[in-house]
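Heads up, the thing below is written out as structure tokens.
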Amino acid sequence: MFKFLEPNKIFLITSKAPKYVFFIFIIVLSIGLVEALFLSPEDYIQSHSVRIMYVHVPSAWISLGIFSLIALLSVGSFIFKNKNFSLIAKSLAPSGFVFNVIALVTGSIWGKPTWGTWWAWDARITSMLILALFYSMYILAWRIYDKKEQVIKITSIIAIVGVINVPIIKFSVDWWSTLHQNSSVNILSETSIHPSMLVPLLIMTAAFSLFSLLIFLMKYNTELIKIKNKGLDRL
Amino acid sequence: MINEIILMKGYGLYVWSAFSFTLISFATLYALIKINLAKEQNKFSAKLGLLDEAKIKVAKTQSTNREILANRISSEI
């Protein structure tokens, strides 16, 4: 099972893909930045500060998405005993963590002109901070532990426990009275954001997704070459 | 016009710093990952160079090994 996920087969694709992904990322990011900074309209209440949304929201979405994927892969590595699942999960973590930090910092910058404070111990912000702690623990565990079986077990537990926080982040604005506004973009219900703002938001989300794909591919290649380096010692 | 873009009715400092932080984070992460990748690729070719000819031949029969050598980042970072 999962023979198509064999590292040697995947490497033939992942080793060539980064240069193409990088090229597409630069194009999409350039379009997104022009749209977000110059072409999209200002908000009637928040004025130009609304432009921070174009970096804050995609970062938050992607950091949540990546952590959920890491948890799913961790469950997969437990069930199917496939080590490549944990290698993919490990390679996803750096970009997920950086997007989590970007969401926190840009949220804080947005909070100052909007709420009058850089930080509030509000349910959404605090749960995002907890997610960053889980990301840190996950990345640190890979660095601290040497034994392969042990590190896969520990990182999987961190990811599976940490993913409980993901629905808490998503629904925190509905469950508690928070400073953070409710979601304006919904898949299942009506989206309240105007198309003139939705389009740049989606373009920036595409650009950020391409960046996380690029980082994932490069990190995954690094991990595979590390394994190959150990293999050369045994030749 | 340019002043309007930079100042953004008093919100420029917040908007530009949020975008700058994002782009600087991207550049830093990309550079760190690329340096690590180059390091491992260089380590691989250095290790391969230390092997005797017969072992090099065996190593080069594997497509993954050939791919690593072909995609090696040539610039010394």
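Heavy-atom basis, side chains included; hydrogens, waters and symmetry copies ignored.
Side-chain contact between B/Leu29 and A/Pro94: present, with at least one pair of heavy atoms (C-beta onward) separated by less than 4.5 Å. Within the 4.5 Å cutoff, side-chain heavy atoms of A/Leu37 are placed close to those of B/Trp16. Residues A/Ser47 and B/Tyr11 have side chains in contact (heavy-atom distance under 4.5 Å, counting atoms from C-beta outward).
Interface residue B/Leu23: only side-chain heavy atoms are found under 4.5 Å from chain A. For a residue to count as touching a neighbouring chain, one of its non-hydrogen atoms must lie under 4.5 Å from one of that chain's; by this rule B/Ile5 touches chain A with the side chain only. At a 4.5 Å heavy-atom cutoff, the contact between B/Phe21 and chain A is made by side-chain atoms alone. With a 4.5 Å cut-off on non-hydrogen atoms, A/Met53 does not touch chain B at all.
With values rounded to the nearest 0.5 angstrom, B/Tyr30 atom OH is found 4.5 Å from A/Phe22 atom CZ. Interatomic distance, CG of A/Leu33 versus OG1 of B/Thr22, reported as 9.5 Å (0.5 Å rounding). Atom CD1 of A/Ile225 is separated from atom CZ of B/Phe44 by 8.0 Å, given to the nearest 0.5 angstrom. With rounding to the nearest 0.5 Å, the separation of CG in A/Leu214 from NZ in B/Lys34 is 9.0 Å. If you take CD on B/Glu4 and CZ on A/Phe38, they are separated by 12.0 Å, rounding to the nearest 0.5 Å. Of the inter-residue distances, the one linking B/Gln41 atom CD with A/Lys228 atom NZ reads 14.5 Å to the nearest 0.5 angstrom.
Closest of all the heavy-atom pairs between A/His48 and B/Val15 is O-CG2, 3.4 Å. Taking every heavy atom of both residues into account, B/Ser17 and A/Ile109 meet most closely at OG-CG2, 3.9 Å.
Remark: B/Lys9 engages A/Glu42 in a salt bridge, criterion side-chain N to carboxylate O under 4.0 Å.
Per-residue counts of heavy-atom pairs under 4.5 Å with chain A were compared for B/Ile33, B/Thr28, B/Asn36; the largest is that of B/Ile33. With respect to chain B, the highest number of heavy-atom pairs below 4.5 Å among A/Asn221, A/Thr106, A/Ile215, A/Val98 belongs to A/Ile215.
Every residue two or more places apart in sequence or in another chain that forms a ring pair (Phe, Tyr, Trp, His ring centres under 6.0 Å) with A/Phe211 is listed here: A/Phe25, B/Phe26.
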